[in-house]
Trainee: 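Sharing a structure with you now.
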There are 4 protein chains.
Amino acid sequence: MTGKEKPDPPGRIKIMASFSRLMQEKDFHSITTAQIAKNADVTEGLIYKYFKDKKDLLYQVLNAHFQEFHEKIKIRMTQATSSIGKLDLIILASLEEYLENRLLSKILLLEVRNSQAFFNSGAYEMVTVYARTILKIIREGIASGEIAAHTDPYLLRKVIIGAIEHACLGEVIFGKPLDIKKTAAGISDIIFNGVKP
Amino acid sequence: MTGKEKPDPPGRIKIMASFSRLMQEKDFHSITTAQIAKNADVTEGLIYKYFKDKKDLLYQVLNAHFQEFHEKIKIRMTQATSSIGKLDLIILASLEEYLENRLLSKILLLEVRNSQAFFNSGAYEMVTVYARTILKIIREGIASGEIAAHTDPYLLRKVIIGAIEHACLGEVIFGKPLDIKKTAAGISDIIFNGVKP
Amino acid sequence: MTGKEKPDPPGRIKIMASFSRLMQEKDFHSITTAQIAKNADVTEGLIYKYFKDKKDLLYQVLNAHFQEFHEKIKIRMTQATSSIGKLDLIILASLEEYLENRLLSKILLLEVRNSQAFFNSGAYEMVTVYARTILKIIREGIASGEIAAHTDPYLLRKVIIGAIEHACLGEVIFGKPLDIKKTAAGISDIIFNGVKP
Amino acid sequence: MTGKEKPDPPGRIKIMASFSRLMQEKDFHSITTAQIAKNADVTEGLIYKYFKDKKDLLYQVLNAHFQEFHEKIKIRMTQATSSIGKLDLIILASLEEYLENRLLSKILLLEVRNSQAFFNSGAYEMVTVYARTILKIIREGIASGEIAAHTDPYLLRKVIIGAIEHACLGEVIFGKPLDIKKTAAGISDIIFNGVKP
DNA sequence: CATGAATGAGGCTTCATTCAT
DNA sequence: GATGAATGAAGCCTCATTCAT
């Protein structure tokens, strides 16, 4: 009983939806406030009633999408018991989400890196939550002996996230289809078993 | 015998140098032609004598830097005999180059991904040459038995490049220092030996 | 018998108070209806229930403050008998009021002059009442022989008001402190006795 | 022979002229960059090639006009020998200039006071030069015994400038004609001889 | 080989104001 | 008596780009 949280005004919703739609097609810089407004069937001015900035709009939308993403990841992870199992699941789920939720992945893979500001924004926090989750699992794996003791957890995380993101790049940029299951399994195999015969 | 290659006119050189300098500090979108010109001690108009447009300037500069980069990589690779040894060297050399040549890495990691146009540009060719080099080595490794036969070469390449790029991200964006040798060795270890104990 | 004057509704009062407060800090143009409303803990819409527009709000507030101002001046003037005594008092009282009532002086010295509209507004009437009071006293002084017969009353008024206002400018704009008594006495001395030895 | 100072580009000149013209009719805030450009038969963008800001444009124009003003004042002052004679001339010349050069007086009397920024701008320097000139003459007058020893020079300056400015206000705002010679003489008489009979 | 004056399109943002509830 | 969602007009400014000289 948190009390009735008054729903967002229609204008706000329409603006966020419009922006989400546009982000699917173009990059942030190429989207103009005029387009956002027109697409939302709203006046440009209204954007600034609900968002400080065009950038603020990006962050808010990103936030909403990421929230969902992280929620799903967490739920799935309960299905695994071993640490490596969990990481497997994260790799799979991340790939799935990245590809399913093109908007999110575009923002994460392409836009966001450009702007110092982003990393100082609250939006970046979310990303780190995701990253911390991975780190935690790695440490558990090391503690439990599943992962070799001498492994640098930060570096392993870098390899995992790097592999995931790079694997999606082609899809995101060129729309090349990707066999998610196979890719996830392949990444896991390489990272956990190594490529030596 | 290409004949005497007439040297670039001073204006052209100054413009490229100026742009390179600016790219070290800011992102492409934030650099204005006015700044480029001022920084080069040249008039804005001159830029358009030598470059079709601002993007063309980016590609040309990128090209110049990448050429160097790839040259170095190739030279180093001669120092290794085994395929895995070569990949080790590539990982190390790439990290080194990325971090040493901030301009190049910034373009590669941040700018370039944003622009569809880039991938259709000649500039992207260069990147693929690098990627193909890696792929070739992987295939040699599989053929020679150094790398497990069931390995998907494309995926392995993705993991390698993903790991390298992600490892550099923090440095590039935040300026966090990175122990190159240790990082390179760690990545190699994870990918080639796996993280299982 | 104007009957019971129904008290102003709370919203109206809050809005005027809010606007007064804001005028203390910023100039009219820099104050937005949004700020006024927020500061008054009221919605923007309500402003337009009680005031025709933003300018109307200014005039109404100015009016209220000026009324007070003029009231005080009139009361004080009863304490003097000679015309020059009265003018002395006006100079002193005006300085006092200007400095005490920063809002009023800011409006009078800075805002109001900018707007043709103001001078066509009812608000300007008030100012002229003040000016007429001064003129009347000057004429009385000339009639009674206290002031040299050849003095142009309009011009003398200009000198008096000009001196007062300019003397306050520094304080109003920069917040430079001002010794009121000394300043008033000095102005009186200069104007009434001249500066020749 | 300071060398040929290259003349201002036509665009710059047209913009300043256009702005000067517009300032004659409206106040700063009501003048839009669009109007300035149209009136100058130039594109809006060009304004920002030559001026940092709309405000910068104001200052530059003010500067040009004030320079002239001060030049004239200085020349005239050489015609008087006594300090009071010089002040007489300043009063007369200032009135003349204010009324002749409506643009300057408008800026000085109306616009400029509104903006804190102005007083921190280089433009304000000029005004203080004028003010300092007056102060210097007053002090000379006191030293030479022309002006009563007990006179506060700052205050006297305030009275003089205040009288001049206030005397012009009506003309500037309403276009009421003003007999300059008579007004100047009247002000001088009041201030130097006092109004007592 | 290079200049420098000028353009034009459009971007983001602000704000007073209205109106249904 | 008051709210709050929404408007629309316009403002300032930026920038890549062109072209005559």
Side-chain angles (χ1 to χ4, degrees), chain A residues 6 8-15 29-37 40-57, chain B residues 8-12 14-15 29-37 40-57, chain C residues 8-12 14-15 29-37 40-57, chain D residues 6 8-15 29-37 40-57:
Chain A
K6 56 188 97 174
D8 282 354
R12 189 174 208 278
I13 293 169
K14 284 195 283 181
I15 290 167
H29 240 102
S30 316
I31 297 174
T32 69
T33 50
Q35 282 166 21
I36 297 169
D41 199 31
V42 141
T43 52
E44 251 179 296
L46 196 61
I47 296 174
Y48 295 86
K49 274 267 155 20
Y50 298 121
F51 307 94
K52 203 182 126 303
D53 245 2
K54 206 181 125 193
K55 219 151 220 168
D56 186 39
L57 174 55
Chain B
D8 283 352
R12 188 175 209 279
K14 284 196 282 180
I15 290 167
H29 244 103
S30 315
I31 297 175
T32 67
T33 49
Q35 282 166 25
I36 297 169
D41 202 30
V42 142
T43 53
E44 268 183 279
L46 197 61
I47 296 174
Y48 294 86
K49 277 272 173 317
Y50 297 121
F51 306 94
K52 205 182 121 293
D53 54 25
K54 211 180 124 195
K55 220 148 219 170
D56 185 39
L57 174 55
Chain C
D8 283 354
R12 187 174 211 279
K14 284 197 283 181
I15 290 166
H29 244 102
S30 315
I31 297 174
T32 67
T33 50
Q35 283 167 23
I36 298 170
D41 203 31
V42 142
T43 53
E44 265 181 281
L46 196 61
I47 295 173
Y48 294 86
K49 277 272 172 322
Y50 297 121
F51 306 95
K52 204 181 123 297
D53 54 24
K54 211 180 125 195
K55 220 151 220 169
D56 185 38
L57 173 55
Chain D
K6 55 188 103 174
D8 282 354
R12 189 175 208 276
I13 293 169
K14 283 196 284 180
I15 290 166
H29 240 101
S30 316
I31 297 175
T32 69
T33 49
Q35 284 165 21
I36 297 169
D41 200 30
V42 141
T43 50
E44 250 180 294
L46 196 61
I47 296 174
Y48 295 87
K49 273 265 153 26
Y50 298 120
F51 306 95
K52 205 183 123 301
D53 245 3
K54 207 182 123 194
K55 217 151 223 169
D56 186 38
L57 174 55

Trainee: Picking from E:dA16, F:dA16, E:dA2, which would you name as closest to the side chain of A:K49?
Mentor: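 Minimum distance to the A:K49 side chain belongs to E:dA16.
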
Trainee: Which heavy-atom pair separates A:I36 from A:L57 by the least distance, and what is that distance?
Mentor: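 What the structure gives for the nearest pair is CD1-CD2, 4.0 Å.
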
Trainee: Mapping B:G45 and A:G11 to their closest nucleotides on DNA chain F, which lands nearer the 5' end?
Mentor: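 Residue closer to the 5' terminus by nearest nucleotide: A:G11.
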
Trainee: For the residue pair D:D41 and D:K14, what are the closest heavy atoms and their distance?
Mentor: O-NZ, 3.5 Å

Trainee: I want to confirm an ordering. Mapping D:E44 and A:D41 to their closest nucleotides on DNA chain F, which one lands closer to the 5' end?
Mentor: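 This one resolves to A:D41.
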
Trainee: So which atom in D:L46 and which in D:G11 form the shortest heavy-atom distance, rounded to 0.1 Å?
Mentor: CD2-CA, 3.9 Å

Trainee: Without decimals, in angstroms, what is the distance between A:I47 CD1 and E:dC15 P?
Mentor: 17 Å

Trainee: Please pick, from F:dG4, E:dT3, E:dA6, the nucleotide with the shortest atom-to-atom distance to any side-chain atom of B:L46.
Mentor: E:dT3

Trainee: Select from C:K52 and B:R12 the residue whose nearest nucleotide in DNA chain E is closer to the 5' end of that strand.
Mentor: B:R12

Trainee: Can you find a heavy atom in the side chain of C:Y50 that is under 4.5 Å from one in the side chain of C:D56?
Mentor: no

Trainee: For a quick test of reading the model, state the closest non-hydrogen atom pair linking C:A37 to C:T43 and the distance between them.
Mentor: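 Minimum heavy-atom contact is CB-C, 3.8 Å.
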
Trainee: Given atom CD1 of A:I15 and atom C1' of F:dT7, what is their separation to the nearest angstrom?
Mentor: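 In whole Å, F:dT7 C1' lies 12 Å from A:I15 CD1.
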
Trainee: When all nucleic acid strands are considered with a 4.0 Å heavy-atom cut-off, which category describes C:F51: base, sugar-phosphate, or nothing?
Mentor: nothing

Trainee: What does C:T32 touch in the nucleic acid at a heavy-atom separation under 4.0 angstrom: a base, only the sugar-phosphate, or nothing?
Mentor: sugar-phosphate

Trainee: Nearest to the C:V42 side chain among F:dT3, E:dT3, E:dA5, which nucleotide is it?
Mentor: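 Minimum distance to the C:V42 side chain belongs to F:dT3.
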
Trainee: To the nearest Å, how far apart are A:K55 NZ and E:dC12 C1'?
Mentor: 13 Å

Trainee: Under a 3.5 Å cut-off for both contacts, is E:dG10 paired Watson-Crick or G-U wobble with anything, and if yes, with which nucleotide?
Mentor: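 For E:dG10, the partner nucleotide comes out as F:dC13, under the 3.5 Å rule.
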
Trainee: Round to the nearest Å and state the distance from D:H29 atom NE2 to F:dG11 atom C1'.
Mentor: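 Whole-Å distance recorded here is 10 Å.
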
Trainee: Please report, rounded to the nearest Å, how far the P atom of F:dA5 is from the CD1 atom of A:I13.
Mentor: 11 Å

Trainee: Hey, does the side chain of C:K54 reach the backbone of C:T32 with a donor-acceptor pair shorter than 3.5 angstrom?
Mentor: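 No; judged by distance alone, with no hydrogens or angles, the pair does not exist.
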
Trainee: Whom does E:dA20 pair with, Watson-Crick or G-U wobble, provided both distances fall under 3.5 Å?
Mentor: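 When the pairing criteria are applied, F:dT3 turns out to be the nucleotide that pairs with E:dA20.
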
Trainee: Nearest whole angstrom, please: distance from the P of E:dC15 to the CG of C:D53.
Mentor: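 Distance, rounded to whole Å: 17 Å.
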
Trainee: For B:I31, which contact category applies under a 4.0 Å heavy-atom criterion: base, sugar-phosphate, or nothing?
Mentor: sugar-phosphate

Trainee: Taking the minimum atom-to-atom distance to the side chain of B:P10, which one of F:dA5, F:dG8, E:dA2 wins?
Mentor: E:dA2

Trainee: Base, sugar-phosphate or nothing for D:I36? Non-hydrogen atoms, less than 4.0 Å.
Mentor: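 The answer is nothing, as D:I36 stays clear of every strand by at least 4.0 Å.
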
Trainee: Compare the minimum distances between each of F:dT17, E:dA16, F:dT3 and the side chain of B:T33, then state the nucleotide with the smallest one.
Mentor: F:dT17

Trainee: Of the nucleotides E:dT3, E:dT13, F:dC13, which has the atom closest to the D:Y48 side chain?
Mentor: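 For the D:Y48 side chain, the nearest candidate turns out to be F:dC13.
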
Trainee: Name the closest nucleotide to the B:Y50 side chain, picking from F:dG8, E:dC1, E:dA5.
Mentor: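 So the nucleotide nearest the side chain must be E:dC1.
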
